[in-house]
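Chain letters run A, B, ... following the sequence lines, proteins first, then strands; residues in each count from 1.
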Number of protein chains: 2
Amino acid sequence: MNRDYILIEDPEDPRIAAYRDIRERDLVGREGKFVAEGKTVLNVLFANARMEAESVFLRENRVDGMTELLAKIPADVPIYVGSGAVMDQIAGFHMHRGVLAIGRRVDSPSVEELLDSLPDEALVVALAGIANHDNMGSIFRNAAAFGVDAIVMDQGSCDPLYRKAIRVSVGAALKVPFAREGSAEAIVDALMARGFDVLAMSPQGALDMADVKPGNRTALLLGAEGPGLPPHLMERLTTVRISMRTDFDSLNVAAASAIALHRLWRG
Amino acid sequence: MNRDYILIEDPEDPRIAAYRDIRERDLVGREGKFVAEGKTVLNVLFANARMEAESVFLRENRVDGMTELLAKIPADVPIYVGSGAVMDQIAGFHMHRGVLAIGRRVDSPSVEELLDSLPDEALVVALAGIANHDNMGSIFRNAAAFGVDAIVMDQGSCDPLYRKAIRVSVGAALKVPFAREGSAEAIVDALMARGFDVLAMSPQGALDMADVKPGNRTALLLGAEGPGLPPHLMERLTTVRISMRTDFDSLNVAAASAIALHRLWRG
């Protein structure tokens, strides 16, 4: 490659401390940083001004296939390279892909700041209590596919910058602007104050998704499977259902988001 | 409860050998058996004549909440009960739910037998190379929600009766009839010989999913993300796309199945 890189031979090397035991790191706190894995995700990271990379760590046999990606990495971001064995020891498990970066959010807007930044025509996803990382990642992936302008979520939802959520999102968690703050109620208030039609998805929704005619500013509100959305919130909103068989457990929340966003997209 | 159960106190008890190290069992072969986890999945298992249970294994603190389920368990199926500690030792990891059964397929129809059993109006899902257990489980869940009559898949697809696929499907893998055999080409031949319109999903599909008018017998063909469907197969079929933004990686195959099946369902 055309760039200098730093060879890491000692798993205890302090320069790669941020990559140590990355599985556990999700649980003990990440100090505003996140781990990006895989070529596709790193491409999103380096294409996005709202995110910044601190460093990149590659398995030595992956370097040759990375010319295009390496060209996007700013000169002040160190690129570490290690053998598969060294990398696995550092990460604490087998690093299948051998392509990692430590990133940081440049901006962290509040829900209100994020909503204030949106254009007159906007599609927003609002999340309440989405605590599962897989679902979070899948919802971001669907949101990116269908041109969602922003995602706002309550504190009961998990951080979209968890390692697994980023991976499942194929980088969409680094691409779709989001804010995570306060209660679902406060988020609905903020959306309504800005002229958003808030559609609350529910198996018992009054309106069939297939009959929804989206206006200029639409927000799709999704709650966790099981508990669903709080009743006092649903009472204030247009509730929307996806028609399906009644003899089977409802759809997964990420699948529901795919169907609804496909319908709401006006691309 | 009203039924006798068998208390297991020794993790080495040969009667619960089928539950031992169930994580590894998926990898080394399951001899026609499968592991069902959780109350919802067991309810599907005992409601389905095509599946049979060999035994049930419950954590002792779960027994009281199981009256309705226990009533469905045939008298000749033994119910084992153990403490959380014993159960975790047997399974080889923490059994979060504490509700397990070992099941067996009663029938294993060939692709042709399964298709021959379908009514004149039928919706089928055909899978080629779906090797990921999460995707397999999610596709079954979506298929159950939208009334799919059968799922046929090639040998390059994973077994839907893997533990994780069953769990992700919320039991739909035990409910929707399926056959897994041979090549994608042979499956398409079998479908076409029986008057099915085979719609092949592809990001480059000729027809927009939103414009599809399903006939009496429709099959939705899905391939793995990445490789997609073999070109020689696509040439013979109507190819269908889901419109989305072009600046982002395509949808996950399970999300695509949700959108397409929602469209094809005539419930």
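Note: B:Ser250 leads B:Ser257, B:Ser250, B:Ala210 in heavy-atom pairs under 4.5 Å with chain A. When the candidates A:Ser243, A:Gly147, A:Gly171 are compared by the number of heavy-atom contacts under 4.5 Å with chain B, A:Ser243 comes out ahead.
Applying the salt bridge (Lys or Arg N to Asp or Glu O under 4.0 Å) test to every pair with at least one member in residues 117-144 of chain A, sequence neighbours left out, gives these pairs: A:Glu121-A:Arg266, A:Asp134-A:Lys164, A:Arg141-B:Glu225, A:Arg141-B:Asp249.
When all heavy atoms of A:Ala255 and B:Asn142 are compared, the closest pair comes out as CB-OD1, 3.6 Å.
Looking at B:Ala172, the atoms closer than 4.5 Å to chain A (heavy atoms on both sides) sit in the backbone and in the side chain alike. Of the atoms belonging to B:Ala254, not a single heavy atom falls under 4.5 Å from chain A.
Atom CG of B:Leu251 and atom OG of A:Ser138 lie 10.5 Å apart (nearest 0.5 Å). Rounded to the nearest 0.5 angstrom, B:Phe146 CZ and A:Ile242 CD1 are separated by 6.0 Å.
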